[in-house]
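Input: a single structure, listed below in structure tokens.
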There are 2 protein chains.
Amino acid sequence: MSNEIKPTEGELEILQVLWDKGLCTVREVHEEIAKTKDSGYTTTLKLMQIMHEKGLVERNTSAKTHVYKALVTRKDAQKSALDKILNTVFTGSTADLVIQALGTHRASQSEIEAIKNYLNQFENPEK
Amino acid sequence: MSNEIKPTEGELEILQVLWDKGLCTVREVHEEIAKTKDSGYTTTLKLMQIMHEKGLVERNTSAKTHVYKALVTRKDAQKSALDKILNTVFTGSTADLVIQALGTHRASQSEIEAIKNYLNQFENPEK
DNA sequence: AAATATCTACGATAGATTTCGTATATGCAA
DNA sequence: TTGCATATACGAAATCTATCGTAGATATTT
């Protein structure tokens, strides 16, 4: 039980953009966020500065315009998010979570196949 | 897209107890929470009062000591939690979520069977 | 070079959440 | 019945998060 990645709602929005685009200036992140939400530029800037203090991102300050990069990976965040809801609402049952997920958010046929293939890895390998 | 169940962190802790135990007094909930965290009795009380205002719980006030009951079900909260992480860290891919969940939190053989059976429901029904 | 645009830094505010202290009511025991 | 334990109610502080305005530095344009 080492790392607790717990970005806030606003931080997650920013991480999304960084994950999708890789290296980004504050302006780039802000433009992207402004598509679905309207808040000021300095709001995004401030959040990203705080994320830097927290170690969620790193930045290159050699030029006037700083360039940011996510330090937490999407996978890290996924694992944390899963751990959290598993330990709270799902009382630790992975199977419950999986079945709920498949039940309410219908997967496509190809996704279902992918999952089945994945499961087959665990099919008593040494029979 | 009807209901957004978004209990806070503290509210979730309380809901846990109510889901596990059913009807509870503030004292009972507090004792349980105090096992893993130390905060005062009135803190728990206040939170539960707020949850009552928000409609997350109901309470019987006929006796001096009030008895609380969750109004949100665990399933409601599960659905909300899943929706949320699907739309943020998992970019809408149920398959990614499922595979991640199975990958990091190994399921037992019987759980795997349960999931496979579940998936078979969707096997091209009209061949 | 002067005006304009763009950037970072930073303080301040607003709102939500958590925390607690204190007042007051109620039940129980000596 | 007097005192003690335990409840609820409620206001207020402490924290966190998000938001923005403004100052000052650095480019860019004319």
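Order of the sequence lines fixes the chain letters, A, B, ..., with proteins taken first and strands second; residue numbering starts at 1 for each chain.
Contacts of K46(B) classified as salt bridge (charged side-chain N to carboxylate O under 4.0 Å, His left out), with partners at least two apart in sequence or in another chain: none. For H66(A), the ring-ring contact (aromatic ring centres under 6.0 Å, His included) criterion is met by no residue, not counting sequence neighbours.
Although no hydrogens or angles enter the test, the distance criterion places no donor-acceptor pair under 3.5 Å between the side chain of W19(A) and the main chain of I14(A). Between the side chain of N87(A) and the backbone N or O of D83(A), at least one donor-acceptor pair lies under 3.5 Å.
Salt bridge absent: E111(B) and K116(B) never bring a charged side-chain N and a carboxylate O closer than 4.0 Å. For the pair K37(A) and E32(A), the salt-bridge criterion is not met [side-chain N within less than 4.0 Å of a carboxylate O].
Between R27(B) and dA7(D) there is a side-chain N or O to OP1 or OP2 distance below 4.0 Å. The side chain of Q49(B) contributes an N or O atom lying less than 4.0 Å from OP1 or OP2 of dA9(D).
In this structure, V67(B) is not a member of the same hydrophobic cluster as V17(B), with clusters built from ILVMFWY side-chain heavy atoms closer than 4.5 Å.
A 4.0 Å heavy-atom criterion places the boundary nucleotides of DNA chain C facing chain A at dT6(C) to dG11(C), written 5' to 3'.
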* Structure fact -> In B/S/- notation (B base, S sugar-phosphate only, - none; protein heavy atoms under 4.0 Å), nucleotides 11-20 of chain D written 5' to 3' is BB----SSBB
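Within residues 56-74 of chain A, the residues that have a heavy atom under 4.0 Å from DNA chain C are, in order of number, R59(A), K64(A), T65(A), H66(A).
Within the 4.5 Å cutoff, the side chain of E11(B) has heavy atoms near those of the K54(B) side chain. The shortest side-chain heavy-atom distance between I115(A) and L102(A) falls under the 4.5 Å cut-off.
In the hydrophobic clustering (ILVMFWY side chains linked at under 4.5 Å, chained through shared members), I50(A) stands by itself.
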